[in-house]
Engineer: 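Input: one structure, supplied below.
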Amino acid sequence: SVGFDFHPRTRELWATNNGRDWAGNDIPEDTLLRISRSGEDHGFPFCVGTWNDPAAPRRNCGEFAQPAAMLGPHVAALGMRFYTGQMFPQAYRDQIFIARRGSWNRERMSGYDVVVAKLDGGGKVIGIEPFLSGLLDEGANRFHGRPVDVLQMRNGALLVSDEQNGAIYRVTYGR
């Protein structure tokens, strides 16, 4: 697991998790984990979600806590934060912003963006939506930036660090 944050209301710990490399272009997917209790087992090193790692002893992945969401294969989901600010519309409040640094060993690149994990009132992920994109040129299979982390400013703006360009982007919302 890489990025961690506590849900602002339930205080449950959530985390981004990178799957391992060299298993194929589309497996395993990176995941978003919801850690509901101390010591909860999400399957490492045997499983990533429902994918059994063939390099590990065989286990039934159903015996482990399942991911809250699948984030895509090899997208390098890194930093994540719950949004608690007032600047963005209400629909973003208590939702999770996730920086996806991007793949390095897939035939077709993926990631290189920031997505929002949309949660319902019970804390279940109901979708993953694009938020900051344009850093991946899919047609040319090349990238122009690599988001690593997100941080909320006191005024509600979102900061996104980009390791490729040595930059920090400030994302604001104007009405």
Side-chain angles (χ1 to χ4, degrees), residues 1-84 94-106 108-120 122-133 135-136 143 145-152 158-164:
S1 294
V2 185
F4 298 89
D5 198 8
F6 290 94
H7 189 286
R9 291 203 170 85
T10 68
R11 304 308 299 158
E12 287 177 316
L13 181 63
W14 289 66
T16 55
N17 189 59
N18 285 193
R20 79 166 179 86
D21 293 325
W22 308 116
N25 274 319
D26 298 318
I27 54 173
E29 289 197 43
D30 290 358
T31 57
L32 178 64
L33 306 178
R34 179 181 185 178
I35 298 109
S36 299
R37 59 181 172 73
S38 180
E40 189 169 68
D41 191 342
H42 285 265
F44 178 82
F46 310 104
C47 299
V48 175
T50 58
W51 180 75
N52 280 103
D53 190 332
R58 188 97 171 137
R59 295 281 297 269
N60 177 357
C61 294
E63 70 185 89
F64 302 109
Q66 293 301 299
M70 306 305 277
L71 299 175
H74 309 291
V75 295
L78 298 180
M80 54 85 67
R81 295 286 181 285
F82 280 92
Y83 186 77
T84 58
D94 298 338
Q95 307 303 300
I96 307 170
F97 284 91
I98 303 168
R100 301 190 315 169
R101 181 176 169 262
S103 58
W104 65 274
N105 65 346
R106 286 186 86 221
R108 298 299 304 163
M109 294 178 165
S110 59
Y112 307 94
D113 58 10
V114 175
V115 296
V116 178
K118 302 294 279 189
L119 282 65
D120 66 14
K124 180 181 176 191
V125 178
I126 55 174
I128 305 293
E129 298 179 359
F131 179 76
L132 186 151
S133 59
L135 297 172
L136 175 60
F143 61 89
R146 299 188 94 168
V148 173
D149 205 357
V150 294
L151 185 66
Q152 179 186 304
L158 196 67
L159 298 176
V160 178
S161 62
D162 177 346
E163 74 169 14
Q164 181 70 24

Engineer: May I ask you to test the Val48-Thr31 pair for a side-chain heavy-atom distance under 4.5 Å?
Structural biologist: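 Answer yes - side chains close enough.
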Engineer: Hey, mind stepping through Glu40 and Leu33 against side-chain contact (heavy atoms from CB on, under 4.5 Å) and telling me if it holds?
Structural biologist: CA-CA 10 Å; Glu40 189 169 68; Leu33 306 178; over 6 Å; no
Engineer: For the side chain of Ser161 and the backbone of Asp149, is there at least one donor-acceptor N/O pair under 3.5 Å apart?
Structural biologist: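 Judged by distance alone, yes, a pair lies under 3.5 Å.
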Engineer: Please test Arg11 against Phe6 for side-chain contact (heavy atoms from CB on, under 4.5 Å), starting from the C-alpha separation and ending with a verdict.
Structural biologist: CA-CA 5 Å; Arg11 304 308 299 158; Phe6 290 94; 3.7 Å; yes
Engineer: side-chain contact (heavy atoms from CB on, under 4.5 Å) between Leu71 and Ile128: does it pass, once the steps are laid out?
Structural biologist: CA-CA 8 Å; Leu71 299 175; Ile128 305 293; 3.8 Å; yes
Engineer: Have a look at Lys118 and tell me which of Val116, Asp120, Val115 forms a side chain to side chain contact (heavy atoms under 4.5 Å, CB included) with it.
Structural biologist: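 Single pass found, and it is Val116.
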Engineer: Which heavy-atom pair separates Gly102 from Ala76 by the least distance, and what is that distance?
Structural biologist: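 What the structure gives for the nearest pair is O-CB, 3.6 Å.
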Engineer: Rounded to the nearest 0.5 Å, how far does CZ of Phe143 lie from CD of Gln164?
Structural biologist: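 Between atom CD of Gln164 and atom CZ of Phe143 there are 4.5 Å.
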Engineer: Which residues pass the side-chain hydrogen bond (donor to acceptor under 3.5 Å, both in side chains) test with Asp162, not counting sequence neighbours?
Structural biologist: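 Partners of Asp162 under the side-chain hydrogen bond (donor to acceptor under 3.5 Å, both in side chains) test: Asn165, Tyr169.
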Engineer: Between Val125 and Leu119, is the side-chain contact (heavy atoms from CB on, under 4.5 Å) condition met? List the steps.
Structural biologist: CA-CA 4 Å; Val125 178; Leu119 282 65; 4.2 Å; yes
Engineer: Disulfide bond (SG atoms under 2.5 Å apart): which pairs involve residues 24-60, sequence neighbours left out?
Structural biologist: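 Counting only pairs at least two positions apart or across chains, the disulfide bond (SG atoms under 2.5 Å apart) contacts touching residues 24-60 are Cys47-Cys61.
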Engineer: With sequence neighbours excluded, what pairs up with Glu12 under the salt bridge (Lys or Arg N to Asp or Glu O under 4.0 Å) test?
Structural biologist: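 Here the qualifying residues are Arg34.
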Engineer: Measure the spacing between CG of Asn17 and CD of Glu29 and express it to the nearest 0.5 Å.
Structural biologist: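 Between atom CG of Asn17 and atom CD of Glu29 there are 12.0 Å.
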Engineer: Please list all pairs meeting salt bridge (Lys or Arg N to Asp or Glu O under 4.0 Å) that have one or both residues in residues 59-72, counting only residues at least two apart or in different chains.
Structural biologist: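 Found Arg59-Glu63.
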Engineer: Once rounded to the nearest 0.5 Å, what's the spacing between atom OG1 of Thr50 and atom CD of Gln66?
Structural biologist: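 Answer rounded to 0.5 Å: 6.5 Å.
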Engineer: Would you compute the distance between atom CG of Leu13 and atom CZ of Arg37 and round it to the nearest 0.5 angstrom?
Structural biologist: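 One finds 13.5 Å between CG of Leu13 and CZ of Arg37.
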Engineer: For the residue pair Tyr112 and Ser103, establish whether any side-chain heavy-atom pair is separated by less than 4.5 Å.
Structural biologist: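 Yes, at least one pair of side-chain atoms sits under 4.5 Å.
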Engineer: With sequence neighbours excluded, what pairs up with Glu163 under the salt bridge (Lys or Arg N to Asp or Glu O under 4.0 Å) test?
Structural biologist: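 Per chain and number, Glu163 pairs via salt bridge (Lys or Arg N to Asp or Glu O under 4.0 Å) with Arg101.
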Engineer: Within a 6.0 Å radius of atom CZ on Arg58, are there more than 12 heavy atoms belonging to other residues, nucleotides or ligands?
Structural biologist: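 No.
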Engineer: For the atom pair CD1 (Ile35) and CZ (Phe4), what is the distance rounded to the nearest 0.5 Å?
Structural biologist: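 Ile35 atom CD1 to Phe4 atom CZ measures 7.0 Å (nearest 0.5 Å).
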Engineer: At their closest point, which heavy atom of Val150 faces which heavy atom of Ala99, and how far apart are they?
Structural biologist: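 Between these two residues, the closest heavy atoms are CG1-CB, 4.3 Å.
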Engineer: Checking the side chain of Thr16 only, and the main-chain atoms of Leu78 only, is there a donor and an acceptor separated by less than 3.5 Å?
Structural biologist: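 Here the side-chain-to-backbone pair exists.
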Engineer: Assess whether a salt bridge exists between Asp5 and Arg81, defined as any Lys/Arg side-chain N lying under 4.0 Å from an Asp/Glu carboxylate O.
Structural biologist: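 Result for this pair is no, no salt bridge flagged.
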Engineer: Compare every heavy atom of Pro147 with every heavy atom of Val114, then report the nearest pair and how far apart it is.
Structural biologist: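 Heavy atoms only, the tightest pair is CG2-CB, 4.1 Å.
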Engineer: Check whether any side-chain N or O of Asp30 sits under 3.5 Å from a backbone N or O of Asn18 as a donor-acceptor pair, and report yes or no.
Structural biologist: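 Side chain of Asp30 to backbone of Asn18: no pair is present.
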Engineer: Any salt bridge (Lys or Arg N to Asp or Glu O under 4.0 Å) involving residues 67-77? Give me the pairs, sequence neighbours left out, ordered by first then second residue.
Structural biologist: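 Applying salt bridge (Lys or Arg N to Asp or Glu O under 4.0 Å) to every pair that reaches into residues 67-77, excluding sequence neighbours, yields nothing.
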Engineer: Do any N or O atoms from the side chain of Ser110 and from the backbone of Val75 form a donor-acceptor pair under 3.5 angstrom?
Structural biologist: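 A pair under 3.5 Å: no.
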Engineer: Could you pull out the closest heavy-atom pair between Ala68 and Trp14, with the gap in Å?
Structural biologist: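 Looks like CB-CZ3, 3.6 Å.
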Engineer: Closest approach of Gln152 and Phe82, non-hydrogen atoms and distance?
Structural biologist: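 The answer is OE1-O, 4.0 Å.
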Engineer: Which atom names give the shortest non-hydrogen contact between Ala77 and Ile98, and what distance separates them?
Structural biologist: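 Scanning both residues, the minimum pair turns out to be CB-CG2, 4.1 Å.
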